[in-house]
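In this chain, residues are counted from 1 in sequence order.
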Amino acid sequence: MDEANLIAALRSIVGEGSVDVGASINPDDLHDESLHPPVPVATCVVRPTSHEQVAAIAAACSSAGVPMVARGSGTGLSGAAVPLDGAVVISFSSMRRILEIDLANHVAVVEPGVTLAELDEALRGTGLRYPVHPGERSGSLGGNVATNAGGMRAVRDGVTRHHVLGLRVVLADGTSLDLGGRFVKSSTGYDLVQLLVGSEGTLALVTQVTVKLSVRLPEQVTLLAPFATLDEVSAAIPELVVTGVDPAILEYIDFLTMAGITSAAGLDLAIPPSVADAALAYLVVVLESTSAERLDEDAAAVAEHLSRLGAIDVYSLRERTGVDLIAARERAFYVAKANGATDIIDVVVPRAQVAPYLARVAEIAARHQTFITGCGHAGDGNVHLSVFEADEAARRALLLELFEAGIELGGAISGEHGIGVAKLDAYRALTDPARLALEERLKFAFDPQGLLNPGRSSRGTTP
Ligand SMILES: Cc1cc2nc3c(=O)[nH]c(=O)nc-3n(C[C@H](O)[C@H](O)[C@H](O)COP(=O)(O)OP(=O)(O)OC[C@H]3O[C@@H](n4cnc5c(N)ncnc54)[C@H](O)[C@@H]3O)c2cc1C
């Protein structure tokens, strides 16, 4: 089938108005938020409204031998949703129905284009929430599944894979599959749901997601603890996790990042200048509880712990200020971007290795005479670094060193943003060849023509 026939076939599946070609393609459908996006090359953008339409689109592309790229909200940070090689962009923006909120089984069943903000809104008043909290709430559930999105609440609530119970998917050739269900355990065959979570659209197109919900705790407080050194912050993290209080959020923010995000948000934390001048890093601890009394007790216990662990002071932020600080932290990416960051990386290490990792980062930055700032989901060892290195060769060498340092400390090059195209070279260079070969064979088993999201991750088409 040639290109004109394929476009005609796609139009007959979804309707004339739901296939954009050439100049009618909205440029916003061709990029994500990565700082080094590849140049997009798309045949068209198609917007299905049902599982059946997705299956028919995949079958048509497969028989034409044309690649496909799934697109959620395009908030990814690794170029994974950018079309390459004349791919058909399958945008899930018109599949955003919340199909069911099952209060008896504590699950929600949604179409993949539903955003985190939309699901959260739909759950208000039910006493339940979907607790995965990546910084960009306009991200879609389909995109979250494909990237195994994490975020600030991972320290207590886990990441996307801990909440996905079932998936409805379409394989590259149009085959439909229902995987998992509304149950939390299964010892029935390979766990294909978990294999697909984090597969960055390279193995299957997700058309329906069943997620586990948790209780929305009504009481919340944010504690802010400035520390004189980054080392002390890092050392405090493992200690806090075992207090038994179970923080919902445990973020570290270095002083430069804190200055940037609060100024961008116009947020005054009322920290005395003498404390702000002495603080090189901050720990943000969010606690939640069923009752205000219990929350007060927990907050007092954590504040005492923080002081013993070296905090210069501990501030209990008023409800609105605490919420605003978390919102400002979520915007850290945009602040770094506006200030000229060339890369945002998300290395993950075991949580007790955050301090050694940050020491390695400081040493690498000094040796390269490069500027690196940071913040991160410290409770789960996920360090987010904003790198400012304009020279292309120096930048590549620097990134590789930062990734290698994380791996040497028992970590991985991406804790949540994925490999996409941004980290593909590093992933190939730093990953065990036996693992890469197994991934190639898995890819071939799912997608023998190599049509789903080609050029992403290590996955090629070699059997
Ligand atoms: C300011 C900001 C803060 C962020 N903070 C975090 C954070 O704290 N934690 C975190 O994990 N991420 C974070 N992210 C990254 C991003 O929000 C997540 O990667 C998110 O999961 C992407 O969802 P999306 O819908 O935008 O996916 P897209 O960017 O559209 O796509 C991402 C990948 O998913 C695939 N995909 C999308 N839909 C489907 C589908 N239905 N079937 C199969 N594959 C599909 C795409 O092909 C691509 O490979 C942040 C991004 C920004 C801009």
**Student:** Does Glu416 form a side chain to side chain donor-acceptor pair (under 3.5 Å) with His384? I'd like the steps, not just the answer.
**Tutor:** CA-CA 10 Å; Glu416 53 186 22; His384 289 202; 3.0 Å; yes
**Student:** Report the C-alpha separation of Val54 and His51 in whole Å, then their side-chain angles, then the decisive distance to 0.1 Å, and conclude whether the side-chain contact (heavy atoms from CB on, under 4.5 Å) test is met.
**Tutor:** CA-CA 5 Å; Val54 177; His51 170 90; 5.7 Å; no
**Student:** Any side-chain heavy atom of Leu385 sitting closer than 4.5 Å to one from Thr373?
**Tutor:**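 Answer no - side chains too far apart.
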**Student:** As a quick check of understanding, evaluate side-chain contact (heavy atoms from CB on, under 4.5 Å) for Ile249 and Arg153, giving each step before the final call.
**Tutor:** CA-CA 5 Å; Ile249 292 179; Arg153 290 175 170 270; 4.0 Å; yes
**Student:** Closest heavy-atom contact between Ala299 and Val221?
**Tutor:**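 Nearest heavy atoms, Ala299 then Val221: CB-CG1, 4.1 Å.
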**Student:** In terms of heavy-atom contacts, does CZ of Arg11 have more than 12 from other residues, nucleotides or ligands at under 6.0 Å?
**Tutor:**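 Yes - once you tally the heavy atoms of other residues, nucleotides and ligands closer than 6.0 Å, there are more than 12.
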**Student:** Heavy-atom distance under 4.5 Å between the side chains of Val209 and Asn144, does that happen here?
**Tutor:**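 Not touching, per the 4.5 Å side-chain cut-off.
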**Student:** Determine whether Leu10 and Cys44 make a side-chain contact, defined as any pair of heavy atoms from C-beta on separated by less than 4.5 Å.
**Tutor:**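 Yes. Closest side-chain heavy atoms under 4.5 Å.
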**Student:** Would you confirm whether Asp173, through its side chain, and Ser62, through its main-chain N or O, come within 3.5 Å as a donor-acceptor pair?
**Tutor:**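 No.
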**Student:** So do the side chains of Val41 and Leu84 get within less than 4.5 Å of each other, counting heavy atoms only?
**Tutor:**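 They are not in side-chain contact.
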**Student:** Could you tell me if the side chain of Val170 sits less than 4.5 Å from the side chain of Ile57, heavy atoms only?
**Tutor:**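 No, every pair of side-chain atoms sits at 4.5 Å or beyond.
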**Student:** Locate the shortest heavy-atom distance separating Val132 from Gly150; write the atom from each residue and the value.
**Tutor:**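 Scanning both residues, the minimum pair turns out to be CG1-O, 3.5 Å.
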**Student:** If you apply the rule side-chain contact (heavy atoms from CB on, under 4.5 Å), what do you find for Leu6 with Val88, and how did you get there?
**Tutor:** CA-CA 10 Å; Leu6 174 62; Val88 168; 4.1 Å; yes
**Student:** Taking Thr342 for its side chain and Glu389 for its backbone only, find out whether a donor-acceptor pair lies under 3.5 Å.
**Tutor:**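 Yes, Thr342 side chain to Glu389 backbone: donor-acceptor pair under 3.5 Å.
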**Student:** Are the side chain of Arg216 and the backbone of Leu128 linked by a donor-acceptor contact shorter than 3.5 Å?
**Tutor:**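 Yes, because the side chain of Arg216 sits within donor-acceptor range (under 3.5 Å) of the backbone of Leu128.
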**Student:** For the residue pair Pro247 and Val285, what are the closest heavy atoms and their distance?
**Tutor:**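 Shortest heavy-atom separation between Pro247 and Val285 comes out as CB-CG1, 3.9 Å.
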**Student:** Is the backbone N or O of Ala80 less than 3.5 Å from a side-chain atom of Asn453, with the two atoms forming a donor-acceptor pair by type?
**Tutor:**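 Side chain of Asn453 to backbone of Ala80, a donor-acceptor pair under 3.5 Å: yes, one is there.
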**Student:** Answer yes or no: is there a donor N or O on one side and an acceptor on the other, between the side chain of Ser414 and the main chain of Ile419, under 3.5 Å?
**Tutor:**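 Side chain of Ser414 to backbone of Ile419, a donor-acceptor pair under 3.5 Å: no, none is there.
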**Student:** Apply salt bridge (charged side-chain N to carboxylate O under 4.0 Å, His left out) to Asp346 and Lys423, showing your working.
**Tutor:** CA-CA 11 Å; Asp346 65 316; Lys423 304 184 195 96; 3.2 Å; yes
**Student:** Do Leu195 and Tyr190 have side chains that approach each other closer than 4.5 Å (heavy atoms only, starting at C-beta)?
**Tutor:**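 Side-chain contact under 4.5 Å: no.
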**Student:** Any donor and acceptor pair, going by atom type alone, linking the side chain of Asp120 with main-chain N or O of Leu116 inside 3.5 Å?
**Tutor:**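 Checking the backbone N and O of Leu116 against the side chain of Asp120, no donor-acceptor pair under 3.5 Å is found.
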**Student:** Would you confirm whether Lys212, through its side chain, and Leu165, through its main-chain N or O, come within 3.5 Å as a donor-acceptor pair?
**Tutor:**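 Not confirmed, Lys212 side chain does not pair with Leu165 backbone.
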**Student:** Between Gly455 and Val421, which heavy-atom pair has the shortest distance, and what is it?
**Tutor:**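 Here Gly455 and Val421 meet closest at O-CG1, 3.6 Å.
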**Student:** How many angstroms lie between atom CZ of Phe403 and atom CG of Leu398, to the nearest 0.5 angstrom?
**Tutor:**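 The distance works out to 9.5 Å.
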**Student:** Would you tabulate the side-chain donor-acceptor contacts of residues 253-265 under 3.5 Å, counting partners in other chains and residues two or more places apart, or write 'none'?
**Tutor:**
from	atom 1	to	atom 2	distance (Å)
Asp254	OD1	Leu256	N	3.4
Asp254	OD1	Thr257	N	2.8
Asp254	OD1	Thr257	OG1	2.7
Asp254	OD2	Gly374	N	2.6
Thr257	OG1	Gly374	O	3.1
Thr262	OG1	Met258	O	2.6
Thr262	OG1	Ala259	O	3.4

**Student:** How long is the span from the OG1 atom in Thr222 to the CD atom in Glu251, to the nearest 0.5 Å?
**Tutor:**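 Thr222 atom OG1 to Glu251 atom CD measures 11.5 Å (nearest 0.5 Å).
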**Student:** Looking at CZ of Arg129 and CD of Glu288, how far apart are the two atoms once the value is rounded to the nearest 0.5 Å?
**Tutor:**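 If I round to the nearest 0.5 Å, the distance is 5.5 Å.
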**Student:** Ignoring hydrogens and geometry beyond distance, is a side-chain donor-acceptor pair present between Thr75 and Ser73 at under 3.5 Å?
**Tutor:**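 There is no such pair (donor and acceptor under 3.5 Å, judged by atom type) between the side chains of Thr75 and Ser73.
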**Student:** Can Val14 and Val19 be said to form a side-chain contact (heavy atoms from CB on, under 4.5 Å), step by step?
**Tutor:** CA-CA 7 Å; Val14 294; Val19 181; 3.4 Å; yes
**Student:** If you measure from CD1 on Ile7 to CD on Glu16, what distance do you get to the nearest 0.5 Å?
**Tutor:**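 Spacing of CD1 (Ile7) from CD (Glu16) equals 10.5 Å.
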**Student:** For a 4.5 angstrom cut-off between non-hydrogen side-chain atoms, does Met95 reach Gln53?
**Tutor:**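 They are not in side-chain contact.
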**Student:** Which pairs count as salt bridge (Lys or Arg N to Asp or Glu O under 4.0 Å) when at least one residue sits in residues 179-189, sequence neighbours excluded?
**Tutor:**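 For residues 179-189: Glu100-Arg182, Asp102-Arg182.
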**Student:** Is it the case that the side chain of Arg294 and the backbone of Ser289 share a donor-acceptor pair, with hydrogens and angles ignored and the cut-off at 3.5 Å?
**Tutor:**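 Looks like no, no N/O pair under 3.5 Å.
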**Student:** If you take all heavy atoms of Ala281 and Leu230, which pair is closest and at what distance?
**Tutor:**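 Smallest interatomic distance, heavy atoms only, reads CB-CD1, 3.2 Å.
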**Student:** If only atom types and distance count, is the side chain of Ser24 paired as donor or acceptor with the main-chain N or O of Asp20 below 3.5 Å?
**Tutor:**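 Side chain of Ser24 to backbone of Asp20, a donor-acceptor pair under 3.5 Å: no, none is there.
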**Student:** Under 3.5 Å, side chain of His163 to main-chain N/O of Asp157, donor-acceptor pair present?
**Tutor:**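 Side chain of His163 to backbone of Asp157, a donor-acceptor pair under 3.5 Å: yes, one is there.
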**Student:** To the nearest 0.5 Å, what is the distance between CG on Leu452 and CG on Leu203?
**Tutor:**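 Going from the CG atom of Leu452 to the CG atom of Leu203 covers 8.0 Å.
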**Student:** Could you please spell out the steps behind the salt bridge (charged side-chain N to carboxylate O under 4.0 Å, His left out) verdict for Glu439 and Arg435?
**Tutor:** CA-CA 6 Å; Glu439 289 200 358; Arg435 174 178 168 162; 3.1 Å; yes
**Student:** Do the non-hydrogen side-chain atoms of Val45 and Leu30 ever get within less than 4.5 Å of each other?
**Tutor:**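 Yes; the side chains approach each other to less than 4.5 Å.
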**Student:** Which heavy-atom pair separates Asp32 from Ala81 by the least distance, and what is that distance?
**Tutor:**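 Distance-wise, the nearest heavy atoms are OD2-N, 4.2 Å.
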**Student:** Output every pair passing salt bridge (Lys or Arg N to Asp or Glu O under 4.0 Å) with a member in residues 399-409, not counting sequence neighbours, ordered by first then second residue.
**Tutor:**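 Every pair satisfying salt bridge (Lys or Arg N to Asp or Glu O under 4.0 Å) with a residue in residues 399-409: Arg360-Glu408, Arg367-Glu401.
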**Student:** For the atom pair CD1 (Ile101) and CG (Leu123), what is the distance rounded to the nearest 0.5 Å?
**Tutor:**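 Answer rounded to 0.5 Å: 4.5 Å.
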